Amino acid sequence: MNAAEIARDVSARRVSAAEVTAATLARVQAVDGDVGAYLTLLGEIARSSAARVDERIAAGEHLALAGVPIALKDNMCLEGARTTCASKILEHWIAPYTATAVARLLEAGAIPIGKANCDEFAMGSSCENSALGVTRNPYDLARVPGGSSGGSAAAVAAGEAAIGLGSDTGGSIREPAAFCNLVGFKPTYGRVSRYGLIAFASSLDQIGPLARSVEDAALAYDIMAGYDPMDATSLDRPVERTADSLRADLAGLRVGIVREFDTKALGERSDALYREAYRDLERLGAELVDVSLPTADYGLATYYLIAPAECSSNLARFDGVRYGLRVEGADVRAMYDNTRAAGFGPEVKRRILIGTHALSSGYYDAYYVRAQKARTLIARDFERAFAQCDLIACPAASCPAFVFAAKSDPYSMYLMDYYTIPMSLAGLPALSVPCGWTVPEGGNLPLPIGLQLCAPLFGEKLLLGAAAAYERATNHALAHPAQIGTVPA
Amino acid sequence: MNRAWEPVIGIECHVELKTATKMFCGCRNEFGGEPNTKTCPVCLGMPGALPVPNAKAIEQIVRTGLAFGAEIPAFSKFDRKNYFYPDMPKDYQISQYDMPLTVGGIVKYWLEDGTMKQCRLTRIHLEEDTGKSTHAGSGDGRIAGSSYSLLDFNRAGVPLMECVSEPELHSARDAVAYLESLRRTLLALEVSDVKMEEGSLRCDANVSVRVAGTTELGTKSEIKNMNSFRSVERAIASEIARQIEVLDSGGRVVQETRGWDELHGVTHPMRSKEEAHDYRYFPDPDLVPLAIARNDVERWKEKLPTLPCERFERYTGEYGLSVNAAAQLIDNIPLARYFDEVVARSENPQQSSNFVLGELSRLANETGVAVGDSNVTVEHLAELVALVQSKRINSKIAKELLARMWEGGGSPNAIVEREGLAQTSDPSAVERFVDEVLAANAAVVADYKAGKTNVLGFLVGQVMKASRGKADPALANELVKKKLSS
Ligand SMILES: [Zn+2]
């Protein structure tokens with residue numbers, strides 16, 4: 001059941017939030033042994049939240065997300081709940097406060113079902129970098145759900161939540177959405193408060209929803225978006241409601257197809273699916289225009305300097321002194337070393353090393369400063385492109401969900417975010433929407449792939465509106481069910 | 001042969017700002033309290049917590065810069081200074097690297113003899129303070145040998161001003177005079193308590209020496225652990241002497257950090273520059289660049305209070321007050337303001353300062369009521385100054401009047417009028433008292449005429465007494481003399 005329908009039914013008291021919560025928890029019991037979406041189940045918190053929502057509904061309150069079960073990526077703080085970042089270093093840490101985005105959803109009646117698995121500190125594209133659990137793709141349990149917000153994606157795809165909260169730094173919402181047949185939406189940088197989101201790369205991290213429909217994503221976005229005095233980088237500008245502005249067609253819109261993103265490289269089947277998607281956009285009334293992002297190819301290199309640089313500093317605080325894991329040593333320096341050696345996984349360590357090096361005296365100008373310049377150039381490319389079009393369409397990921405351990409060298413994993421990183425560097429709003437099915441070589445189950453749509457800064461209303469038109473016209477998401485039981489009514 | 005050496009000193013100060021809340025969170029900014037009671041997720045560096053800058057702290061730094069005539073760039077930013085330390089919650093400090101809030105400026109200061117000097121500032125920037133470590137289990141509070149440490153984060157995140165001078169001070173005494181002036185200015189700006197003993201002012205000194213008459217800087221050492229102005233002076237003097245001894249004996253000064261040992265009166269090495277950290281500064285991505293609005297700057301500039309050095313120059317120059325009197329006034333800002341208002345009305349700084357620093361300050365000390373809060377308004381004191389200046393009353397009456405004004409007696413003009421206390425300068429009236437006194441003291445008059453002229457004072461005193469203090473003493477003296485010699 002979609003979030004919008006649940007909210008309508010609970011608001012109309014056709015079903016109670018308590019019943020929805022109980023059904024969702026039962027679904028988790030039934031399937032999460034296979035899927036592994038959650039690291040922590042919030043049974044008690046969920047039930048008491050549901051009771052509170054039912055009271056508020058009974059008292060006549062209108063709640064936009066009444067009774068909607070949600071999955072929280074485990075890098076978001078919820079007071080009193082274990083919040084691990086899927087890392088050993090925070091394995092037993094209980095958050096003492098609640099993230100702003102989460103608090104807004106709960107205030108609007110959402111029910112937190114559990115803390116979802118992710119790549120450790122959101123660093124990865126498959127969830128395989130989690131130190132605390134394995135999450136499987138509900139469409140093929142032999143494959144990854146994508147990452148880093150893989151647990152949130154898997155939870156929604158398997159019916160263990162109606163909306164998943166993810167965070168996207170270089171594609172961490174859009175890629176798992178594509179892998180799990182969902183809509184995954186990363187708003188403009190600064191639209192949703194980062195307060196309480198455990199930072200990976202502060203200048204790139206952005207919270208957004210993963211959902212089974214554009215409408216659901218819009219519903220969650222409308223609640224979360226808007227200025228937060230606790231986040232100095234949150235945008236102090238009005239947010240237009242998007243859920244009421246979903247379009248039926250694309251008449252009058254120019255959609256840019258990026259010359260440099262040749263879909264032939266993705267294989268025959270994916271190439272055909274993307275070409276068909278572009279034609280669908282045209283059929284819906286859009287004019288396709290050829291645009292160029294000449295510096296987009298530098299996105300990956302740029303990203304892998306800026307993000308590790310910020311992460312090397314952001315993750316310094318996990319030192320064993322005040323909270324989290326502590327492994328004793330002869331003195332405080334040894335304690336730091338032992339704690340961080342035992343607490344961080346290999347990918348996190350790799351990025352801390354890269355970032356520390358990029359910021360070091362003598363290398364700072366050559367790496368960090370140049371990466372910032374490249375970032376500016378990439379943003380300018382988008383500005384130029386958006387002078388010719390209203391939206392950009394391109395693939396959301398380089399391939400469909402892959403089998404475990406398929407991308408064991410870091411660089412091939414980094415390439416997964418080739419199409420999503422440039423938008424992140426430019427701070428642009430972008431989403432992935434299901435655009436068809438492909439049976440990969442060596443596989444026997446159809447796997448979803450995602451179309452990425454991207455709008456200029458603050459263009460959320462247009463972006464979600466257009467995605468809704470495409471979704472309504474194509475309905476790719478409904479073509480195949482998840483392989484894991486049936487989604488509860 | 002010993003060459004003549006010139007010491008070169010630069011001072012780096014860290015000053016805790018007196019804001020209501022901390023630099024990046026809503027916790028109260030207060031000294032002391034139970035450990036870890038003034039903390040929140042932000043100043044504890046909890047995962048996911050984010051800093052939001054305190055606009056008041058930024059204003060205070062900019063106002064301080066303006067007070068020293070610094071340039072206020074239109075844009076500034078915060079950077080992260082990365083290093084691991086247990087009392088630093090995030091293991092980086094939010095500071096400012098290459099775009100400080102204020103650039104340049106000049107601190108004027110004066111020496112005990114009243115000489116004005118000046119030292120240029122390099123920059124003033126804003127950063128956050130760290131927590132405090134207490135090393136336990138060793139008995140002496142040192143980290144060496146301690147078995148555990150306790151951390152108090154009440155101070156973590158308190159806004160800290162870093163004020164860096166150019167190396168332009170040339171003696172320990174100059175350095176202290178510079179610090180005194182800096183402290184007085186920050187007090188006048190009401191941006192800090194500037195208490196070294198509570199740690200709201202901490203300073204390090206960069207000390208080097210060079211051959212007198214040369215311009216190239218010698219190798220410097222950085223002196224830390226100075227806990228009072230007195231120890232700053234002793235530490236710098238001791239370090240200058242040490243470096244000169246090293247150089248005179250053919251050695252070389254090593255660039256290093258040295259700690260001041262108050263007990264033994266010497267500095268000793270702490271760490272050498274080779275072990276210096278690479279702080280890996282980079283712009284803090286949690287904070288957006290700061291645009292400093294020009295109209296704010298103009299508004300703050302207009303509203304700057306009178307600064308200690310302006311007062312000093314006016315008091316000792318235009319007003320002719322002593323260095324001591326000027327400093328006494330400047331170090332009591334409400335009293336200086338009171339004094340300024342009295343002078344604005346009386347136009348007699350000398351007589352005004354006599355009252356303000358003399359009888360009024362004595363009464364204030366005695367009663368515990370500040371002069372400015374007393375019954376003696378600036379208007380009434382200016383009246384009193386005018387009464388003395390015009391010789392309508394003498395100083396003895398003035399003192400009595402002041403005591404009555406302190407008690408709430410009101411306008412001295414009114415009291416003088418009502419009670420006929422005005423000095424009698426009418427020769428015929430005074431003459432009557434003189435005649436009375438001479439007639440009543442025939443024996444003394446005879447003594448005088450016999451050559452014991454020192455009884456004159458006694459006779460004049462009797463005249464003053466007879467007039468109940470109102471007779472013009474000079475006139476009384478003149479008339480007594482005249483009568484006796486006639
Ligand atoms: Zn705080």
Side-chain angles (χ1 to χ4, degrees), chain A residues 75-77 83 85 89-90 93 95-100 121 190 193-199 201-205 228-234 306 309-310 312-324 331-333 335-336 340 355-364 368-369 372, chain B residues 24-26 36 39-55 77-94 97-98 131 133 135 143-151 153 156 276-290:
Chain A
N75 60 353
M76 296 173 198
C77 292
T83 300
C85 285
I89 213 156
L90 282 180
W93 186 65
Y97 71 104
T98 299
T100 301
F121 284 99
S193 168
R194 293 186 295 116
Y195 187 72
L197 168 69
I198 300 176
S202 314
S203 74
L204 295 155
D205 295 344
D228 176 13
M230 297 301 280
D231 176 0
T233 61
S234 84
I306 291 173
E310 293 180 10
S312 72
S313 173
N314 283 334
L315 270 58
R317 69 187 66 189
F318 304 105
D319 58 7
V321 172
R322 282 148 296 120
Y323 46 74
D331 58 17
V332 72
R333 296 280 142 186
M335 188 276 282
Y336 288 158
R340 291 165 67 81
T356 304
H357 184 66
L359 291 176
S360 296
S361 137
Y363 298 95
Y364 179 78
Y368 184 78
V369 172
Q372 289 294 4
Chain B
F24 296 109
C25 66
N36 298 310
T39 57
C40 72
V42 177
C43 58
L44 287 175
M46 284 289 174
L50 294 172
V52 177
N54 181 336
K77 68 176 167 73
F78 289 107
D79 301 280
R80 291 187 185 178
K81 181 179 181 180
N82 294 286
Y83 63 101
F84 281 81
Y85 206 81
D87 63 20
M88 203 164 55
K90 302 182 291 297
D91 288 300
Y92 62 81
Q93 180 187 30
I94 304 177
Y97 182 53
D98 54 355
S133 306
H135 304 298
I143 193 160
S146 71
S147 51
Y148 62 96
S149 298
L150 298 169
L151 294 166
F153 292 101
H277 288 102
D278 176 0
Y279 291 118
R280 304 191 310 280
Y281 281 101
F282 76 108
D284 192 329
D286 287 332
L287 295 162
V288 291
L290 293 167

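Lettering of chains follows the sequences in order, A, B, ..., and the numbering in each one begins at 1. Values in this document were obtained by computation on a predicted structure and should not be read as measured data.
Residue contact with chain A, scored on non-hydrogen atoms closer than 4.5 Å, involves the backbone of Pro51(B) exclusively. Looking at Tyr195(A), both its backbone and its side chain come within 4.5 Å of chain B, counting heavy atoms on both sides. Only the side chain of Asn82(B) comes within less than 4.5 Å of a heavy atom of chain A; its backbone N, CA, C and O stay farther away. Residue Thr83(A) does not touch chain B at all, counting heavy-atom pairs closer than 4.5 Å. Only the side chain of Leu151(B) comes within contact range of chain A, with heavy atoms under 4.5 Å apart. No part of Ala95(A) comes within reach of chain B, as not one of its non-hydrogen atoms sits under 4.5 angstrom from that chain.
Of all the heavy atoms in Thr233(A) and Leu287(B), the pair that sits closest is CG2-N, 4.2 Å. Between Tyr97(A) and Ala49(B), the shortest heavy-atom distance links the atoms OH-N, 2.9 Å.
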Verdict with reasoning, Asp91(B) to Tyr336(A), per side chain to side chain contact (heavy atoms under 4.5 Å, CB included): CA-CA 11 Å; Asp91(B) 288 300; Tyr336(A) 288 158; 4.2 Å; yes
Start with the C-alpha distance between Arg280(B) and Tyr363(A), add both sets of side-chain angles, then the distance that settles side chain to side chain contact (heavy atoms under 4.5 Å, CB included), and finish with yes or no. CA-CA 10 Å; Arg280(B) 304 191 310 280; Tyr363(A) 298 95; over 6 Å; no
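Taking the side chain as every heavy atom from C-beta outward, Asn314(A) and Arg80(B) approach each other to under 4.5 Å. With contacts defined as side-chain heavy-atom distances shorter than 4.5 Å, the pair Tyr364(A)/Asp278(B) does not qualify. You'll find the side chain of Pro47(B) reaches within 4.5 Å of the side chain of Tyr323(A), heavy atoms only. The shortest distance between side-chain heavy atoms of Phe84(B) and Arg317(A) does not fall below 4.5 Å. In this structure, the side chains of Leu50(B) and Arg194(A) come closer than 4.5 Å at one or more pairs of heavy atoms.
The candidate from Val369(A), Asp331(A), Thr356(A) with the greatest count of non-hydrogen atom pairs under 4.5 Å with chain B is Thr356(A). Of the listed residues (Cys25(B), Pro283(B), Pro86(B), Gly26(B)), the greatest number of heavy-atom pairs within a distance under 4.5 Å of chain A belongs to Pro86(B). Ranked by heavy-atom pairs under 4.5 Å with chain B, the first of Cys85(A), Ser312(A), Ala201(A), Ala316(A) is Ala316(A). Your options are Ser203(A), Ser193(A), Gly196(A), and the one with the most heavy-atom pairs under 4.5 Å with chain B is Gly196(A). Note on Met335(A), Met230(A), Gln372(A): by heavy-atom pairs under 4.5 Å with chain B, the leading option is Met230(A).
Under the side-chain contact (heavy atoms from CB on, under 4.5 Å) criterion, Ala156(B) pairs with Pro89(B), Phe153(B), sequence neighbours left out. Remark: Tyr97(B) pairs with Asp79(B), Tyr281(B) by the side-chain contact (heavy atoms from CB on, under 4.5 Å) rule, at least two apart or across chains.
Relative ring orientation between Tyr368(A) and Phe282(B) is described as perpendicular, the plane-to-plane angle rising above 60° on a 0-90° scale split at 30° and 60°.
Between atom CG of residue Leu315(A) and atom NZ of residue Lys90(B) there is a gap of 14.5 Å, rounded to the nearest 0.5 Å.
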